[in-house]
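Every heavy atom of this structure was used, including side-chain atoms; hydrogens, water molecules and symmetry mates were not.
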Amino acid sequence: FSSRRRHTRYIGDWSSDVCSSDLISRFVYSYEQAFMGDLVRMWYAGLFLFASAYALISEGHVRVDVFYTKFTKKRKAVSNSIGSMILGIPLCLVILGTGMWGKGSSLNSPLLSFEVYQQGFGMYVKYIMVGFLIVFALSMLVQFIGYFLSNVAIILDEEEIPQSVT
């Protein structure tokens with residue numbers, strides 16, 4: 001296995017261990033704690049949000065490949081550029097814009113007040129989940145802009161990186 005695959009496999013194994021231990025304790029022994037449920041939710045949130053950037057950069061994201069597989073390299077670049085400009089970048093800007101517009105917005109408010117869940121038990125980390133969303137939107141925005149620029153370079157036949165002069 002390459003280093004990337006080894007790490008991905010390790011993360012997948014750890015995720016299944018955490019989830020299966022939660023399921024066994026909840027359904028076999030009828031023992032549930034809010035902390036365990038919150039831990040699984042935090043893990044899924046982090047896994048989904050941060051793995052999205054990895055899936056985009058490694059071309060592992062889901063799209064309709066019925067037409068895409070038959071495209072030439074330039075047509076794929078045009079399709080990816082349009083998708084980045086029409087879907088990806090605006091989505092990230094909407095998340096950041098609506099969530100951080102004012103002091104009481106959905107992302108700013110929990111961060112500024114270190115908001116926790118309403119229940120008196122479990123993980124007191126609602127503001128960290130909101131932080132996940134901000135990091136997700138920013139990292140995906142950077143990814144989409146880079147993806148767009150690299151596809152524009154393919155369209156313009158300038159995909160080679162110039163060598164630095166020493």
With a cut-off of 3.5 Å and sequence neighbours excluded, list every side-chain donor-acceptor pair involving residues 92-103.
unit_1	atom_1	unit_2	atom_2	d
Thr98	OG1	Val94	O	2.7

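With values rounded to the nearest 0.5 angstrom, Lys73 atom NZ is found 10.0 Å from Asn151 atom CG.
For the pair Val130 and Leu107, the tightest heavy-atom approach, listed with the atom from each and the gap, is CG1-O, 3.2 Å.
Residues Leu141 and Leu133 fall within the same hydrophobic cluster, defined by Ile, Leu, Val, Met, Phe, Trp and Tyr side chains chained together at heavy-atom separations under 4.5 Å. Criterion: ILVMFWY side-chain heavy atoms under 4.5 Å apart, direct or through other members. Under it, Leu87 and Met85 are not part of a common hydrophobic cluster.
Partners of Ser84 according to the side-chain contact (heavy atoms from CB on, under 4.5 Å) rule, which considers only residues two or more places apart in sequence or in another chain, are Phe144, Tyr147, Phe148. Under the side chain to side chain donor-acceptor pair (under 3.5 Å) criterion, Lys74 pairs with Asp157, sequence neighbours left out. Every residue meeting the side-chain contact (heavy atoms from CB on, under 4.5 Å) condition with Ile82, not counting sequence neighbours, appears here in chain and number order: Val78, Ile86. Evaluation of the side-chain contact (heavy atoms from CB on, under 4.5 Å) rule for Ser79 yields Tyr68, Phe71 as partners, not counting sequence neighbours. Considering only residues two or more places apart in sequence or on other chains, Phe132 meets the ring-ring contact (aromatic ring centres under 6.0 Å, His included) condition with Phe50.
A side-chain donor-acceptor contact under 3.5 Å links Ser139 to the backbone of Phe136.
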- prompt: Yes or no on side-chain contact (heavy atoms from CB on, under 4.5 Å) for Val142 and Leu138, after CA distance, side-chain angles and deciding distance?
  reply: CA-CA 6 Å; Val142 170; Leu138 288 173; 5.8 Å; no
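Taking the side chain as every heavy atom from C-beta outward, Leu149 and Ile145 approach each other to under 4.5 Å.
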